[in-house]
Amino acid sequence: MNKLAGGVIGVVIVAAAGMTGAMYWSGLQAERWYEEALAEGSKGGNVKLSTVRYQRGVFSSQIMTRVDIPPTESGADSSFSIRQTVYHGPWPLAGWGTSGVPMQMTGAVVRATLDPESSAWTRQLAKWYGNQEPVVAFSQIAFDGASSTRITMPTLTLNDVEDLKSLNYSGLQGQFQVGPKVATVQGNLTVTSLEFVGKPEAASDGQPATGSEQVKLRDLALTVDQRQGPFNLLFGESSFKIAELRAQDQTPGSTFAMTGLSVTGVLTQQGSQQVAGELRIKADQITADQQSGNGSLHLALRHLDGPTLEKLQQWQQKASSPADDPKALLTLMKTLLAGKPEFMLDSQAKMTQGDWQGKLTLNFQDFDEAKVLQDTSGVLGALEKGLAHVEASKNLVETLLTDQIADQLQSHAEAQQPPVDPQMLQNMAATQATQQLQGLITDGFIQLDGDRYKTIARFEGGKLFVNDKEIPLTPPAGSAEMPLHQP
């Protein structure tokens, strides 16, 4: 063997050894990134992440992660496990030939899928998809810990399977970028369409067969654009949109339809110590229970003390409650209220029977701790002032109140024999609704202005006024409380 050949072989051996060492180091780094991600994912909420198995090799590692979710009120368990294969950098050679693994310099590449045997619903999903994996996520992790993740679910079409007559699912596409130490989070997730029709329930005990459940969803989109800011809070905007959603259950004629739904949440910083949060909900059209219309809601919380919110967040992350320490809770509340936070709720709707709109603003302040400890009514001292204005068309109020009373009368009349005439019940309901509204007008709680009912309530100086009429908040000194039920 000549010297040149020997030199080349030596260089190859050294390079291979260096690559092996780099991949081993990358494996150690990937395990550290995984532990940080596990800790971050377990913060807040009731969802808990834990490691079932971590097998680290030189070129790749195998991980099993458990996602524990508390059962619902019905007892349904949504917990599941995730299988992850980590291809170590700086070049993920162990993933060569695996679709989705980029052959470029990177800290590591993680391929994640559901463990089909981890729960009842994952087994069902795996059965429906057959040889396809229901969910696949590829995460490319940079050397500084930043990551870019692509999530996909393939299309799915089923016919006459178990309780489903048909199912057509367009699949899911998602892309998310997370900065080092979760300094930024950006991304989106979309579903073009989902339609399914359930099988009708068969007749039994002389009862006719019921209709089938049907659901149609079109253009679902989730977007996130947030950054880590002061007080360890994520500032920015998140939104959720659905172009169309229609659902019909087994009761004929009971259809729910909604178009143009958008939900947007924003968290911003106000000055050096305060933050503000807003939630906007809007629907172009909603149809339910023979009612139809559109509406919007805007909720805002302003002048919130940032350090106090951080403390409350830490409490939540430790799975404890401020109520476990009343003194600490009282201290936090006083600090929060010292910044004079403001709550605002603005809503409006237009329906076939008419329209309504309302606005509520509450301004808070610090309170007297001694009064609260002596009498819970002292909490009212935390409210500096408030203003509420509500108005609605006459036809809308009277129709909704009449329908509500008619439903109550109908429930009482169902057991009577012979059956009560439905028209008579409707007439009784209309009469009672008119009497109730007239009583509220007489007492000054509402006003009739043309074809609109209006109410203005304000709180200031410790006093409550409704349409400029003072409403006592506590019984006069020495007077007995009015009994709830007369003998």
Side-chain angles (χ1 to χ4, degrees), residues 47 67 69 71-74 76-82 100 112-116 118-138 149-176 187-201 210-224 238-265 280-289 292 294-295:
V47 177
V67 182
I69 304 173
T72 61
E73 293 182 359
S74 62
D77 187 3
S78 302
S79 301
F80 61 100
S81 296
I82 302 173
T113 62
L114 291 174
D115 176 20
S118 59
S119 67
W121 70 267
T122 56
R123 285 190 291 270
Q124 180 67 73
L125 201 60
K127 181 179 178 181
W128 285 351
Y129 270 98
N131 295 327
Q132 296 186 92
E133 290 177 309
V135 182
V136 178
F138 277 100
T149 300
R150 178 169 53 87
I151 305 171
T152 60
M153 287 186 71
T155 59
L156 179 63
T157 301
L158 299 174
N159 290 291
D160 197 21
V161 176
E162 299 174 8
D163 294 334
L164 290 173
K165 182 178 179 181
S166 64
L167 183 144
N168 290 282
Y169 175 47
S170 66
L172 175 149
Q173 299 289 330
Q175 185 74 37
F176 293 91
N188 63 82
L189 183 149
T190 60
V191 174
T192 302
S193 64
L194 169 64
E195 296 183 35
F196 73 80
V197 179
K199 292 180 180 178
E201 291 188 1
T210 58
S212 59
E213 295 181 344
Q214 302 180 32
V215 173
K216 177 182 179 181
L217 180 147
R218 181 171 59 85
D219 292 336
L220 178 150
L222 169 70
T223 59
V224 179
S238 299
S239 66
F240 175 79
K241 297 180 180 181
I242 295 179
E244 179 183 18
L245 175 62
R246 297 182 181 275
Q248 180 175 333
D249 63 18
Q250 298 178 352
T251 305
S254 58
T255 301
F256 173 83
M258 176 174 60
T259 58
L261 173 70
S262 64
V263 181
T264 303
R280 295 181 182 271
I281 303 175
K282 181 178 179 296
D284 293 340
Q285 189 73 24
I286 297 179
T287 302
D289 296 333
S292 180
N294 59 64

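Counting from 1, the numbers follow the sequence of the chain as shown. The structure presented is a predicted model; accordingly, all values stated were derived computationally and were not measured.
Shown here for A126 and P116, the closest heavy-atom pair between the two residues is CB-CB, 3.7 Å.
For D115, the side chain to side chain donor-acceptor pair (under 3.5 Å) partners at least two apart in sequence or on another chain are R83. When the side chain to side chain contact (heavy atoms under 4.5 Å, CB included) test is applied to I286, the partners found at least two apart in sequence or on another chain are F256, M258, A283. Remark: D160 engages K199 in a salt bridge (charged side-chain N to carboxylate O under 4.0 Å, His left out) (not counting sequence neighbours). For T149, the side chain to side chain donor-acceptor pair (under 3.5 Å) criterion is met by S139, not counting sequence neighbours. Considering only residues two or more places apart in sequence or on other chains, D284 meets the side chain to side chain donor-acceptor pair (under 3.5 Å) condition with K282. Applying the side chain to side chain contact (heavy atoms under 4.5 Å, CB included) criterion to N159, with sequence neighbours excluded, gives T157, S166. Judged as a side chain to side chain donor-acceptor pair (under 3.5 Å), and not counting sequence neighbours, the contacts of T223 are S239. By the side chain to side chain contact (heavy atoms under 4.5 Å, CB included) test, Y169 is found to be paired with Y129, M153, L156, L167, L172, V191, L194, residues two or more places apart in sequence or in another chain being considered. For R123, there are no salt bridge (charged side-chain N to carboxylate O under 4.0 Å, His left out) partners, not counting sequence neighbours. Taking T287 as the reference, A257, Q285, S292 meet the side chain to side chain contact (heavy atoms under 4.5 Å, CB included) condition, with sequence neighbours excluded.
Side chains of N188 and L222 form no contact here, defined as non-hydrogen atoms less than 4.5 Å apart. Looking at heavy atoms from C-beta onward, T192 lies in side-chain contact with D219 at the 4.5 angstrom threshold. Residues E213 and Q248 have side chains not in contact (no heavy-atom distance under 4.5 Å, counting atoms from C-beta outward). Side-chain contact between F176 and I151 is present, with at least one heavy-atom pair separated by less than 4.5 Å.
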task: Starting from the C-alpha separation in whole Å, work towards a yes-or-no answer on side-chain contact (heavy atoms from CB on, under 4.5 Å) for Q175 and Q173.
output: CA-CA 7 Å; Q175 185 74 37; Q173 299 289 330; over 6 Å; no
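Checking side-chain atoms of T190 against main-chain N and O of A221 turns up no donor-acceptor pair under 3.5 Å. Judged by distance alone, with hydrogens and angles left aside, the side-chain atoms of W128 form no donor-acceptor pair with the main-chain N or O of L158 at under 3.5 Å.
Sorted by first and then second residue, the salt bridge (Lys or Arg N to Asp or Glu O under 4.0 Å) pairs with a member in residues 124-135 read R111-E133, K127-E162; sequence neighbours excluded.
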